[in-house]
Amino acid sequence: MLDVEMSSSPATDVTRRSLIRRVVAALITSTLFAVIVIGLATAPPSGEDRVAALAQRLRCPVCQNEAIADSPSETAQQMMEIVREKVALGESDQMIVDYFVARYGQWVLLDPPLSGWFLPLWGLPVIVLVLGLVVIARRRRAAATEDTMESIREARPEEAQRQAELDLDELAAQVETKEISADVAADLSARYSAEKEAAARAGGRSNRVDDRTTRSRARLLTGWTMAVLAIGVVIVMVVQAVEVRGGAAATVAAGRSLEDVTNEEMEAVLAENPDVVEMREALADRYFVESEYEAAIPHYLEVLQQDPQQSSAWARLGWSVYQFGEVDLAIEYVRRSLEVEPGRPESQLYLGSIYLYGHSDPQAALPLLESVAMRQDLPPDIRASVEQAIATARSAIDE
Amino acid sequence: MTRSAKAGRLARWIALVAAAATVVVAFVLGDRFGIDPSQVDSPLIGQPAPVVSMTNIDGSDEIAFEDFDGSVVVVNFFASWCIPCRNEHDDLVAVQSEYVEQGVVVLGIVYQDSLANVDRFLDELGRSYEVVLDPGSRTAIEFGVFGIPETFFIDREGKIAAKIFGEADWESLTAIIDPLLAGEQPDSITTGTVQPGPEG
């Protein structure tokens, strides 16, 4: 190798300028890549995205190797419905997958398992990526060698020419001793000859040298861009895989059971998904049980708009409006509940109480209250108030 | 130069093999690992019966599994379009009448069929035990049903104890019910295939 002094010659300026250009290009590409990857990785998937993704991972149990997303069968459609409900309720992907695995077994998942034989499968893209990087690194070294050769050529063309001649001689010797095969030798020989010619012509900037430099630089840039994009893809895949496997810190969608969900969160979910009737009724029931009747009423009304057969909603709506003194309206609502479901104990209790205390009508109240009292499964506090009410009604009638 | 040329060729070979392997794997994955469900034990064995509310076919009653606490429940998924279901019906009726005193309850659950068809089915083959509807197959999914006929057995503590995959008969039914009544753990049985839907 020749020792070259890097003095402030045109050759050094060229080298410096090309270095700056390379660095800037790499910076721009890296920034773009960072923006894209971070954007993709941190954006929480929308509800529909999650439903679609889960539907592609779950197998239709009554079909031949189809995902529930692709099957028109009733079972598959019902499973989709269940997935939608659970996503709306805030359950994590892992919880939803576990629900089906608990009923159908691991088989219901279309993913290859993350264990044993199949681990190499998951590793394959990474292996290919690493190999790609190796190839690029090799190219880079070759390009660097060319750049060094170029700067030598520019600075000391006579030295470069002599070096090329020496290399050719060495090559001939290596072919003699069979150290190098014929085709590799031909390849190298062509290279050294070209080098010799280029050096002979050196003195100013020759187009051929420029072309080769530009080409190698373009190749380098392409290589880098591809590597960077490949890395981006791998990162996105890893993030998604970790999230999907329920990895501890990396999950995007937090998983909880319904008990941990607050009323505010349910309100927010319902704002996005106004048609999830069961959830709306569950929220209304929560408010009702907490005696927040004013909050419960609009939700019960909405539930009954969508499903007028909900006897529980009618009864509780009635009891809620009764709290605000709307006796007649309350009676109408609770009666509706008993129309939908005759003999429903909670409804009878409400109606009896409203007749007795709200309408001062013990005669109407008594049969309802007595019907409730006949049930075996009343909790003690309810039983106490029922019996109290019956006593009140009876004494009122006797007066 | 020599060594790096050889190393370059090696890297290229590895890349080629990896690419070929990827193609092979893609083929295998595309086939998506079909498994025969009849050879796989239900993961629900030992789990409590699902919490569901079912309506009987004349609409007069709501039934939940907790209503049967203390009894052995034979849960049979069936439909009018299922031939083995027709074959096993008599034996299910016989089990109900023979075992009712020992605290065994048979419950039929309609699988993807219309009320009219089921009524005709029962008119023809005889009514005895309670039959409930399952609109949208929600209860079937809760039981991990692959097709019909499938018969599940719930023990006195409300846990799913065993399952018959395929057509049942007196022998297979009693082979599970008798141990359950004696407080023992029976094995699940696969007798044949199940039909996933009316088209087959």
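Each chain gets a letter, A, B and so on, in the order the sequences are listed, and its residues count up from 1.
The 12-atom threshold is not exceeded at CZ of A/R336, counting heavy atoms of other residues, nucleotides or ligands nearer than 6.0 Å. Within a 6.0 Å sphere centred on CG of B/D187, heavy atoms belonging to other residues, nucleotides or ligands number 12 at most.
For chain A, no part of B/Q47 is nearby; none of its heavy atoms comes within less than 4.5 Å. Contact of A/V108 with chain B is not made at all, since no heavy-atom distance falls under 4.5 Å.
Of the candidates B/S137, B/P135, B/P196, B/S137 is the only one forming a side-chain contact (heavy atoms from CB on, under 4.5 Å) with A/E74.
When all heavy atoms of A/V101 and B/P43 are compared, the pair lying nearest together is O-CG, 3.7 Å.
With values rounded to the nearest 0.5 angstrom, A/C63 atom SG is found 11.5 Å from B/F146 atom CZ.
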Stepwise salt bridge (charged side-chain N to carboxylate O under 4.0 Å, His left out) check, B/R138 with A/E278
CA-CA 14 Å; B/R138 186 66 189 250; A/E278 298 89 348; over 6 Å; no
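Counting only heavy atoms from C-beta outward, the side chains of A/Y104 and B/I141 approach each other to under 4.5 Å.
Using a 3.5 Å distance cut-off with no hydrogens or angles, the side chains of A/T75 and B/Q112 do pair a donor with an acceptor.
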